[in-house]
Enquirer: 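Pasting in a structure now, in structure tokens, and then I'll have a few things to ask.
Ligands are counted one by one from 1 in listed order, and the atoms in each one are counted from 1 as well. Just so you know, these numbers come straight off a predicted model, no measurement behind them.
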Amino acid sequence: RASDFDEVNLGYSEDDALAEAARCLQCRNATCIEGCPVQIDIKSFIARITAGDHRGGVEVIKQRNALPSVCGRVCPQETQCEAACVLAKKGQPVAIGWLERFLGDRDIACDLEHRCLPEVGEDSGFRCAVVGSGPAGLACAGELRRLGHGVTVFESLHAPGGVLSYGIPEFRLPARIVAAEVGMLEAAGVEIRCDSVVGATYTLDDLRAEGFDAVFYGVGAGLPVFLGVPGENLNGVYSANEFLTRVNLMRAHEFPHSDTPVWRGRRVVVVGGGNVAMDAARTALRLGAEEVVLAYRRTEAEMPARVEEVEHAKQEGVRFELLCSPVEVRGHDGWVTGFVAQRMELGEPDESGRRAPVCVLGSDFEIECDTVIPAVGTRAHPLLKAAAPGVELTARGYVAADEDGATSLPGVYAGGDIVTGAATVILAMGAGKKAARAMDDRLRSPDSAVESGDVR
Ligand code: FAD
Ligand code: SF4
């Protein structure tokens with residue numbers, strides 16, 4: 001399977017889903033719901049599966065989450081709802097994520113007219129602009145529509161979905177699934193304008209002039225962080241973001257049938273231990289690499305990637321080089337020839353609660369390679385200042401927003417990675433939804449006077 005981009009996890013058949021749903025105890029105190037960041041009524045949707053009422057199950061999920069097929073595939077359920085399931089204490093929790101995916105996929109398989117479309121409230125007369133079509137923007141747009149507002153989403157790339165489209169690979173989250181779930185929002189009346197960079201194609205003033213009454217920024221934090229070691233400018237060094245975007249969004253693996261090429265490394269080192277690192281390593285394998293080494297500075301126990309992704313990467317042949325930290329990228333004639341790292345050992349826990357890696361002096365070693373892919377994090381893009389002029393930023397360049405997503409500019413809200421820093425799909429969706437409710441309150445409030453500098 002490591003030689004094609006077909007989806008790896010094939011999901012449940014009807015019999016599998018029924019058998020798994022039958023394991024649910026239908027607890028009086030359903031702790032799983034508390035473990036879900038958007039409080040889906042998990043117990044009820046599982047009961048609908050047992051009763052054979054798939055449509056009813058999807059309706060239960062969609063009251064809280066417009067993207068069940070996406071979240072069923074990529075949410076870290078093992079640290080959220082499934083960790084809180086009472087059966088987790090006895091061994092194996094109910095596979096809530098896979099059941100959610102089962103229902104979402106059933107819905108997508110229907111014709112559009114038979115799908116469970118998001119609810120649309122009575123027309124409020126207000127119009128809202130959403131900047132960015134990642135999980136935060138999509139969740140905000142869906143909720144604003146449910147509350148009866150007109151919504152236009154502005155997306156700088158040529159396809160909607162944010163990281164769901166440009167970051168997470170096809171073998172984990174097929175593009176057709178993202179397109180189908182985004183399509184349902186469009187069918188509910190959300191307008192999406194792609195190729196529209198707010199801060200360049202449109203300014204905030206243009207949005208005001210177009211008559212938008214409130215604005216939500218869900219622009220993500222997609223600026224890659226590099227290693228900061230000598231040799232990083234050599235040919236053959238790709239940020240994981242660029243590498244994954246070329247393949248996922250621009251379909252570089254199909255070049256020359258697509259317009260965008262990608263350098264196909266023979267021996268590849270990926271640096272990092274999160275989902276992004278696993279995705280880059282598994283993508284490099286699928287592009288034909290003979291060897292892919294994943295270099296991570298702590299041990300497997302501290303890896304932030306989902307357990308399923310770590311297992312799949314190992315099964316497919318990614319070699320893990322643990323407890324090592326980058327020192328230098330070596331090259332010849334401008335091209336990468338090796339990756340030098342230093343051995344680490346674990347010391348005392350740091351502020352993240354994980355044991356901090358400490359370098360072992362004189363332990364440098366070299367891995368021969370022609371490609372190095374840093375996947376060590378992302379941060380806010382400095383272009384944000386042009387996209388959201390006048391909005392207060394934090395010292396680290398993220399948007400300063402309160403619990404409801406309100407920024408320093410009245411009528412302007414923000415949520416997702418651009419507020420929290422790189423997090424998860426469901427947390428971004430939760431933030432988008434919460435901000436939509438705060439925007440609604442503000443728009444409908446009789447005290448919401450038109451202030452100077454206000455978007456309204
Ligand atoms: P994004 O998804 O980054 O979306 C922001 C959107 O805004 C983008 O489409 C961008 O093009 C657009 N934009 C930016 N600036 C402008 C502008 N000026 N004008 C118009 N549009 C603009 N999380 C999980 O829960 N599970 C996973 O398995 C997982 N895997 C991941 C794998 C990868 C490779 C990556 C990169 C991340 C992964 N994450 C995962 C994290 C998760 O995807 C993010 O936390 C989430 O997508 C953040 O959502 P967002 O809407 O805030 O931002
Ligand atoms: Fe079912 Fe587990 Fe939730 Fe109980 S906690 S209702 S067993 S999913």
Enquirer: Hey, which atoms in ligand 1 end up nearer than 4.0 Å to a heavy atom of Ala136?
Expert: 51 (O), 52 (O)

Enquirer: Please round to the nearest 0.5 Å and tell me the distance separating atom CZ of Phe216 and atom CZ of Phe154.
Expert: 14.5 Å

Enquirer: I need the nearest protein heavy-atom contact for atom 19 (N) of ligand 1: residue, atom name and distance, please.
Expert: Val198 N, 2.9 Å

Enquirer: Angle between ring planes, Tyr12 versus Trp98, binned at 30° and 60°: parallel, tilted or perpendicular?
Expert: perpendicular

Enquirer: Keeping the roles fixed (side chain from Glu143, backbone from Gly432), state whether a donor-acceptor pair exists under 3.5 Å.
Expert: no

Enquirer: Using side-chain heavy atoms (C-beta onward) and a distance below 4.5 Å, is Asn65 in contact with Leu67?
Expert: yes

Enquirer: Between Glu59 and Lys62, does any NZ, NE, NH1 or NH2 come within less than 4.0 Å of an OD or OE carboxylate oxygen?
Expert: no

Enquirer: Does some side-chain heavy atom of Asp53 sit less than 4.5 Å from a side-chain heavy atom of Arg55?
Expert: yes

Enquirer: Any idea which protein heavy atom is nearest atom 7 (O) of ligand 1, and the distance to it?
Expert: Gly132 CA, 3.2 Å

Enquirer: List every atom of ligand 1 that sits less than 4.0 Å from any heavy atom of Val276, numbering the atoms from 1 in the order shown and giving each element.
Expert: 33 (C), 34 (C), 35 (C), 36 (C)

Enquirer: Taking side chain as C-beta onward, heavy atoms only, is Arg73 less than 4.5 Å from Arg172?
Expert: no

Enquirer: Counting from 1, what ligand 1 atoms have a heavy atom of Gly220 closer than 4.0 Å?
Expert: 3 (O), 5 (C), 52 (O), 53 (O)

Enquirer: Got more than 12 heavy atoms from elsewhere within 6.0 Å of CZ, Arg379?
Expert: no

Enquirer: I need the minimum non-hydrogen distance between Ala141 and Val153, along with the two atoms involved.
Expert: CB-CG2, 3.8 Å

Enquirer: For atom 4 (Fe) of ligand 2, what's the nearest protein heavy atom and its distance?
Expert: Cys27 SG, 2.3 Å

Enquirer: If you count heavy atoms of other groups shown closer than 6.0 angstrom to CD of Gln26, is the number above 12?
Expert: yes

Enquirer: Nearest protein heavy-atom contact for atom 2 (Fe) of ligand 2: which residue, which atom, what distance?
Expert: Cys85 SG, 2.4 Å

Enquirer: Provide, to 0.1 Å, the distance between atom 26 (N) of ligand 1 and the closest protein heavy atom, together with that atom's residue and name.
Expert: Val74 O, 2.7 Å

Enquirer: If you measure from atom 44 (C) of ligand 1 to every heavy atom of Val163, Asp417, Val419, which option wins on shortest distance?
Expert: Asp417

Enquirer: Within 2.8 Å of atom 3 (Fe) of ligand 2, is there any N, O or S atom belonging to Cys24?
Expert: no

Enquirer: Which of the numbered atoms in ligand 1 are under 4.0 angstrom from any heavy atom belonging to Gly162?
Expert: 2 (O), 4 (O), 8 (C), 9 (O)

Enquirer: Report yes if the side chains of Thr31 and Val86 come closer than 4.5 Å at any heavy-atom pair, otherwise no.
Expert: yes

Enquirer: Taking atom 30 (N) of ligand 1 as the point of reference, which of Glu309, Arg306, Arg193, Arg172 owns the nearest heavy atom?
Expert: Arg172

Enquirer: Using heavy-atom distances, let me know which of Cys194, Ala414, Gly161, Gly218 sits nearest atom 5 (C) of ligand 1.
Expert: Gly218

Enquirer: Do me a favour and list the nearest non-hydrogen protein atom to atom 16 (C) of ligand 1 with residue, atom name and distance?
Expert: Val219 CG1, 3.7 Å

Enquirer: Using distance alone, decide if ligand 1 has a nitrogen or oxygen within less than 3.5 Å of any nitrogen or oxygen in Ile418.
Expert: no

Enquirer: Counting non-hydrogen protein atoms only, what is the nearest one to atom 7 (S) of ligand 2? Give residue, atom name and distance.
Expert: Leu25 N, 3.4 Å

Enquirer: Of all the atoms in ligand 1, which lie at a distance below 4.0 Å from a heavy atom belonging to Leu244?
Expert: 34 (C)

Enquirer: Could you say whether the N/O atoms of Leu157 and ligand 1 ever approach to under 3.5 Å?
Expert: no

Enquirer: To which of Ser156, Ala380, Ala240, Pro224 does the heavy atom nearest atom 21 (N) of ligand 1 belong?
Expert: Ser156

Enquirer: Anything under 30° is parallel, anything over 60° is perpendicular, the rest tilted; go ahead and classify Phe5 against Phe171.
Expert: tilted

Enquirer: I'd like to check whether Pro76 has a polar contact with ligand 1, where a contact means an N/O of the residue lying under 3.5 Å from an N/O of the ligand.
Expert: no

Enquirer: Only heavy atoms of Val197, strictly under 4.0 Å: list the atoms of ligand 1 that pass.
Expert: 18 (N), 19 (N)

Enquirer: Restricting to non-hydrogen atoms, name the atom on Asp417 and the atom on Ala423 that form the minimum distance, rounded to 0.1 Å.
Expert: OD1-N, 3.1 Å

Enquirer: Just to be sure I'm reading this right: ignoring hydrogens, which of Gln80, Met278, Glu155 gets closest to atom 9 (O) of ligand 1? Compare them by their nearest heavy atoms.
Expert: Glu155

Enquirer: Could you tell me the residue and atom name of the protein heavy atom closest to atom 32 (C) of ligand 1, and the distance to it rounded to 0.1 Å?
Expert: Asp279 OD2, 3.2 Å

Enquirer: Of the protein's non-hydrogen atoms, which lies at the shortest distance from atom 25 (O) of ligand 1, and what is that distance?
Expert: Val425 N, 3.0 Å

Enquirer: What protein heavy atom sits nearest atom 29 (C) of ligand 1, and how far away is it?
Expert: Asn275 ND2, 3.7 Å

Enquirer: Only heavy atoms of Ser196, strictly under 4.0 Å: list the atoms of ligand 1 that pass.
Expert: 19 (N), 20 (C)

Enquirer: Tell me whether Asn233 at atom CG has more than 12 heavy atoms from other residues, nucleotides or ligands lying less than 6.0 Å away.
Expert: no

Enquirer: May I ask which of Pro135, Ala423, Gly416 has a heavy atom nearer to atom 49 (O) of ligand 1 than the others do?
Expert: Pro135

Enquirer: Could you find the nearest protein heavy atom to atom 4 (O) of ligand 1 and give me its residue, atom name and distance?
Expert: Gly134 CA, 3.4 Å

Enquirer: Under 4.0 Å from a heavy atom of Thr424: which atoms of ligand 1 are those, numbered in the order shown and with their elements?
Expert: 23 (N), 25 (O), 45 (O)

Enquirer: Verify, without hydrogens or angle tests, whether Arg306 (side chain) and Cys75 (backbone) share a donor-acceptor contact under 3.5 angstrom.
Expert: yes

Enquirer: If the threshold is 4.0 Å, N to carboxylate O, is there a salt bridge linking Glu210 and Arg193?
Expert: yes

Enquirer: Hey, is there an N, O or S on Cys32 sitting under 2.8 Å from atom 4 (Fe) of ligand 2?
Expert: no

Enquirer: How about Arg319 and Glu291: do any of their side-chain heavy atoms sit closer than 4.5 Å?
Expert: yes

Enquirer: May I ask you to check if ligand 1 and Asn241 share an N or O to N or O distance below 3.5 Å?
Expert: no

